[in-house]
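In what follows, a single structure is set out as structure tokens and then discussed.
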Amino acid sequence: MLHSHDHAAFADSLLLWFSQHQRPLPWRRDYTPYQVWISEIMLQQTQMERGVEYFLRWMDRLPDIAAVADADEETVLKLWEGLGYYSRVRNLHRAARIIVREHAGEFPGRLEHIRALPGIGDYTAAAIASIAFRQDVACVDANVERVLARVCDIDTPVKQKENMAFVRATAQALLPPGKAREFNQAMMELGALVCSKKARCEDCPVRRWCEAHHLGIVHERPVPAARKPVSHIDVATGVLVHQGRIFIQKRPDHGVWAGFWEFPGGCVEPGETPERTVEREFMEEMEFPVEHAGKITVIHHGYTTYRVTLHCFFLRLRSGTSPAPVLHAATDHRWVRFGELTDYTLPAGHRKLADMLATDLRLPALLDG
DNA sequence: CACACGTGGCG
DNA sequence: TCGCCAAGTGT
């Protein structure tokens with residue numbers, strides 16, 4: 001059991017472990033508010049390893065807040081392509097402009113000002129305040145929740161309100177004043193490397209204070225929240241080829257994949273074949289009458305709450321059709337050469353499809369024909 | 001407060 | 001193949 005007189009020893013053990021085992025990461029060098037901010041947003045719901053390459057590319061292209069504020073939306077979206085949860089980058093872009101306008105371009109150091117920026121919630125505000133500005137505020141993410149659910153043997157779903165309040169208070173009580181930067185990162189690093197889903201208790205620097213470890217039920221903590229079942233949908237999309245070019249359109253400014261470019265398509269309705277879906281969607285969305293020119297592939301793609309089977313087809317315009325679309329589901333369109341597809345920001349499933357086109361032997365003939 | 005929001009890795 | 005999930009936020 002973790003008593004208040006153990007708090008200092010707990011923190012000491014944890015901090016010693018962190019000093020020896022922390023991973024060297026690009027945002028752990030200078031701890032500038034800008035770099036801490038970008039890394040925190042990038043790492044939300046994202047694997048550390050994937051975050052590193054995106055972070056380095058971002059810093060290379062946009063080295064400071066002013067550069068972000070000056071960049072256009074296309075640029076920041078392209079830098080985020082493939083990371084997911086794209087509202088993060090839109091909020092980040094807005095926040096950079098707010099910082100320039102309202103904070104003279106300097107990242108704000110007060111917790112309430114940090115928290116007020118778009119895209120920054122309780123966790124990220126505390127993370128930036130502590131890691132960049134060394135304020136004594138504990139941050140609580142899924143790692144901290146998991147660690148403390150085990151240390152304190154919380155036997156109900158940790159996401160419950162009372163549990164969250166308890167976890168937050170415990171994290172704050174454990175935090176040694178003046179060492180918030182190291183302590184908060186140490187708690188998260190412990191959760192990532194040792195107190196992970198499959199716990200490695202033999203390597204844990206704080207197991208002597210861990211209730212679940214004493215009880216031998218670490219694997220039963222934290223108690224997960226109930227989950228909704230994952231649903232499955234079929235989607236069909238078409239690569240429309242005409243006079244050496246491929247048709248793409250730009251999605252609306254709101255909703256999923258806002259501002260992304262895509263091959264048109266839509267959900268396969270009950271009783272409908274994917275072939276028919278594509279014909280219907282191309283007529284509804286662009287008023288294009290199309291004919292099929294071959295099935296390309298089927299792409300399986302998973303999302304948080306549903307799985308998609310994406311049926312992909314080559315299409316041609318019916319002879320005599322004007323290549324000028326009447327857009328009903330998009331804000332813009334392009335007829336692009338194959339090689340230009342890399343310049344546009346596509347959802348991951350469509351990016352996969354675009355990559356497959358590179359090796360499809362039918363495409364050159366269609367482009368010529 | 002439940003739900004939407006992306007993606008790729010892993011067992 | 002498939003469910004779970006990885007440094008959450010906005011509505």
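Sequence lines set the chain letters: A, B, ... in the order given, protein chains first and strands last, and positions in each chain run from 1.
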A/R28 side chain to A/Q185 side chain, donor-acceptor N/O pair below 3.5 angstrom: yes
Closer than 4.0 Å, any side-chain N/O of A/Y86 to the OP1 or OP2 of B/dT7? yes
Of the listed nucleotides (B/dG6, C/dA7, C/dA6), which one gets closest to any side-chain atom of A/D141? C/dA7
Nearest nucleotide by nearest heavy atom, which residue falls closer to the 5' end of DNA chain B, A/K161 or A/Q45? A/K161
Nearest listed nucleotide, side chain of A/K352, among C/dG10, B/dG6, B/dG8: B/dG8
Compile the donor-acceptor pairs under 3.5 Å between side chains in residues 256-266 of chain A and protein atoms, sequence neighbours left out, one pair per line.
residue	atom	partner	partner atom	Å
A/E262	OE1	A/R251	NH1	2.8
A/E262	OE2	A/Q249	NE2	3.3

Looking only at atom C1', what distance separates B/dA2 and C/dA7, rounded to whole Å? 23 Å
Residue-phosphate contact under 4.0 Å: A/H300 side-chain N/O, C/dT1 OP1/OP2: no
Using only side-chain N and O atoms of A/T124, determine if any of them is under 4.0 Å from OP1 or OP2 of C/dT9. yes
For the side chain of A/K197, starting at C-beta, report the closest nucleotide among C/dC4, C/dG8, B/dT7. C/dC4
side-chain N/O A/R146 vs C/dC5 OP1/OP2, d < 4.0 Å: no
Can you confirm whether A/K78 is buried at NZ, in the sense that more than 12 heavy atoms of other residues, nucleotides or ligands lie under 6.0 Å from that atom? yes
Side-chain (A/T46) to main-chain (A/Q44) donor-acceptor, under 3.5 angstrom: yes
In residues 253-267 of chain A, what residues come within less than 4.0 Å of DNA chain B, judged by heavy atoms? A/V256, A/W257
Going by the rule salt bridge (Lys or Arg N to Asp or Glu O under 4.0 Å), which residues pair with A/E145 if we only count those two or more places apart in sequence or in a different chain? A/K159
Can you check whether A/M187 reaches A/L148 side chain to side chain, under 4.5 Å on heavy atoms? yes
What heavy-atom pair brings A/V218 and A/C201 nearest, and what distance separates the two atoms? CG2-SG, 3.9 Å
Gap in Å between the two P atoms, one belonging to B/dG6 and one to C/dT11, rounded: 13 Å
When the P atoms of B/dC3 and C/dC4 are considered, how many whole Å apart are they? 16 Å
For residues 68-77 of chain A, tabulate all N or O donor-acceptor pairs below 3.5 Å that involve a side-chain atom, not counting sequence neighbours.
residue	atom	partner	partner atom	Å
A/D72	OD1	A/T75	N	3.1
A/D72	OD1	A/T75	OG1	2.6
A/E74	OE2	A/K250	NZ	2.8

Between the protein and nucleotides 9-11 of chain B, which nitrogen or oxygen pairs come in under 3.5 angstrom?
none

So what does A/G191 touch, heavy atoms closer than 4.0 Å: a base, only the sugar-phosphate, or nothing? nothing
Out of C/dA7, C/dG3, B/dT7, whichever nucleotide has its closest atom nearest the side chain of A/A192: C/dA7
Measuring from the side chain of A/R115 (C-beta onward, heavy atoms only), which nucleotide among C/dA7, C/dA6, C/dG10 has the closest atom? C/dG10
Under the 4.5 Å side-chain heavy-atom rule for ILVMFWY, direct or indirect, which residues accompany A/L317? A/L240, A/F247, A/V278, A/F282, A/M286, A/F288, A/V290, A/F313, A/L315, A/L327, A/W335
For A/N143 and A/H232, find the nucleotide of DNA chain C closest to each by heavy atoms; which residue's nucleotide sits nearer the 5' end? A/H232
